[in-house]
Trainee: 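Pasting in a structure now, in C-alpha cells, and then I'll have a few things to ask.
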There are 2 protein chains.
Amino acid sequence: MIRDAARALFAEHGYERTTIRAVADRAGVDPALVMQNFGSKEALFAAAARWSTPLDELLAAGRTELPQAALDHVLDAFEDPERRAAAEALLRSCLTHPAAQAVLRDQVMGAAQERVASTIGGPDAALRAALLNACVLGLTISRYLVEVPAVADATATDLERVLRPALERLVEPT
Amino acid sequence: MIRDAARALFAEHGYERTTIRAVADRAGVDPALVMQNFGSKEALFAAAARWSTPLDELLAAGRTELPQAALDHVLDAFEDPERRAAAEALLRSCLTHPAAQAVLRDQVMGAAQERVASTIGGPDAALRAALLNACVLGLTISRYLVEVPAVADATATDLERVLRPALERLVEPT
DNA sequence: TCCTTCGGTCAACGCCTGTAGAGTGAGAGC
DNA sequence: GCTCTCACTCTACAGGCGTTGACCGAAGGA
C-alpha cells in the first residue's frame, strides 16, 4: 500500500527528506502511480499524516482524571502501529513543514483544548490546558522521536507514575 | 555576516529547506564564498546551530530551585537574539536532521542530566531529570516554534508561575 | 473479434540543489 | 613597477527532485 509506505518514510525522515521515488520504491510501484493516485507530494503527506485519534475519553475526563487521560491519549496512539506512523510523520515534519505545523497547532494541540480548559476552570485555565499539552508533547518527542535514553527506555507505567503527579498539579485549582 | 544569515534561515526553515544560495543572498555574498568559508552545508549548520548556553546556574541549583533554574535556562536563551536563532535552528532541525537530533539528545538534553539527577536523588532520579527536560522542551517548542496561542501569548512570568509548581512535584522525593 | 477502459509503467522535462574550479581585482611587500 | 596573496565572484557540472504525458497490456462489454 502506497499510503503505508509514505507513512513509514515520512515518520522516519520527515517531509523534505522523503521523496516520491522512495515511497514508490518501498511500495513496489512506479513513482508516476503515486502522483496519479494522490495528485501531489503535499496531498500524499496529508493522507499519510492524518491524525485520527478519538477524543472521547479526553473529553469525558473530569479534572482529576485529565492528566491520566492525556497521557493515555498519546501513549495508546503510539502503541498502535498505524496510528503511530501517522503521528510520527506529523510530528517529524511539524517544525519544518508549514502545513504540518498548522495541523499540529490547530487540530492536535488545539483539538480538545477549549473543552479541557473549561474542565480545569479558574483564571489560567486556557494556559494550563495548553501547558498540559505542551508537557505531553515534550514527552512524546523525547521518547519516540529524539529518543532520549531515560525517557525512551522507561516503561509506560513508570512514565505515568512519575509524570502524572506533576501534571495533576498543573490542573489543580490555584 | 554569513553565520548570522545561516542562523536566521536555519531557524526559520530548518535544515533541508535552507539553501546555501539563500544564505549567501541574505548575507549579500556569493554562494561559493559560503562553501569556501565553511566547507559544506553540514559544517555551516554546525557553526550556526552551536548551542552555547552556560550551565552554571543549572548545575548550582539545589533540588527545590531546579525547576526555576531549568525554566530560566531556556527562557533566558530565547530572549537573547543570537542565542535564540541558534537554538531555534537546532530545534527546528532536530526532528529531521540526524546530526541535529544527536546534538539535541546528547549535548543539550543530556548536558546536565547526570548532575541534575544526582541533585534530585531517589530511585527514579534519571527519569525525573529527563522528564523535567522533556517538559521544558515541550514548552519551548509550543511557545517559540509551533506557536500554540495560549503558550506563545503568555508572559514569561505567567509561564513560570503556572508551570513551576508542576515541575516542582516532578523533582520532589516520592 | 473488435473496441474501450483503466491500472500501471516508461522516459523525459525543467528546475533546483550542493559543490568545484577557473578567473578577477584590490592591496601588500619588495 | 612587479609580483604575490587572498578574499571574492563567475560559470558550470552532475545529480536529484516533483511532475507530466505518451504508452502498454489485461479486462470486459458489444
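For clarity, every value in this text was computed on a predicted model and none was experimentally measured.
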Trainee: In terms of the angle between their ring planes, are B:Y144 and B:F78 parallel, tilted or perpendicular, with boundaries placed at 30° and 60°?
Mentor: parallel

Trainee: Measure the distance from CD on B:E42 to C1' on C:dT19 and round it to the nearest whole Å.
Mentor: 14 Å

Trainee: Under a 4.5 Å cut-off applied to non-hydrogen side-chain atoms, are B:E160 and B:Q68 in contact?
Mentor: yes

Trainee: Is there a side-chain contact between A:H73 and A:E57, using heavy atoms and a 4.5 Å cut-off?
Mentor: no

Trainee: Just by modelled atom types, is the A:A85 backbone N or O under 3.5 Å from a matching donor or acceptor in the A:E88 side chain?
Mentor: no

Trainee: Kindly indicate whether the side chain of B:S118, heavy atoms from C-beta on, has any atom under 4.5 Å from the side chain of B:Q113.
Mentor: no

Trainee: Under 3.5 Å, is there a donor-acceptor pair between the side chain of A:R7 and the main chain of A:A48?
Mentor: yes

Trainee: Look at the side chain of B:K41 and the backbone N and O of B:Y15, then say whether any donor-acceptor pair between them is shorter than 3.5 Å.
Mentor: yes

Trainee: Atom pairs, N/O to N/O, protein against nucleotides 7-10 of chain C, distance under 3.5 Å?
Mentor:
residue, atom, partner, partner atom, Å
C:dG8, N7, A:Q36, NE2, 3.3
C:dT9, OP2, A:D30, N, 2.9

Trainee: Is the side chain of A:Q107 donor-acceptor paired with the backbone N or O of A:A102 at a distance under 3.5 Å, no angle test?
Mentor: no

Trainee: When every nucleotide of nucleotides 13-18 of chain C is labelled 5' to 3' by its protein contacts under 4.0 Å (heavy atoms), B for base, S for sugar-phosphate only, - for none, what sequence of letters results?
Mentor: ----BB

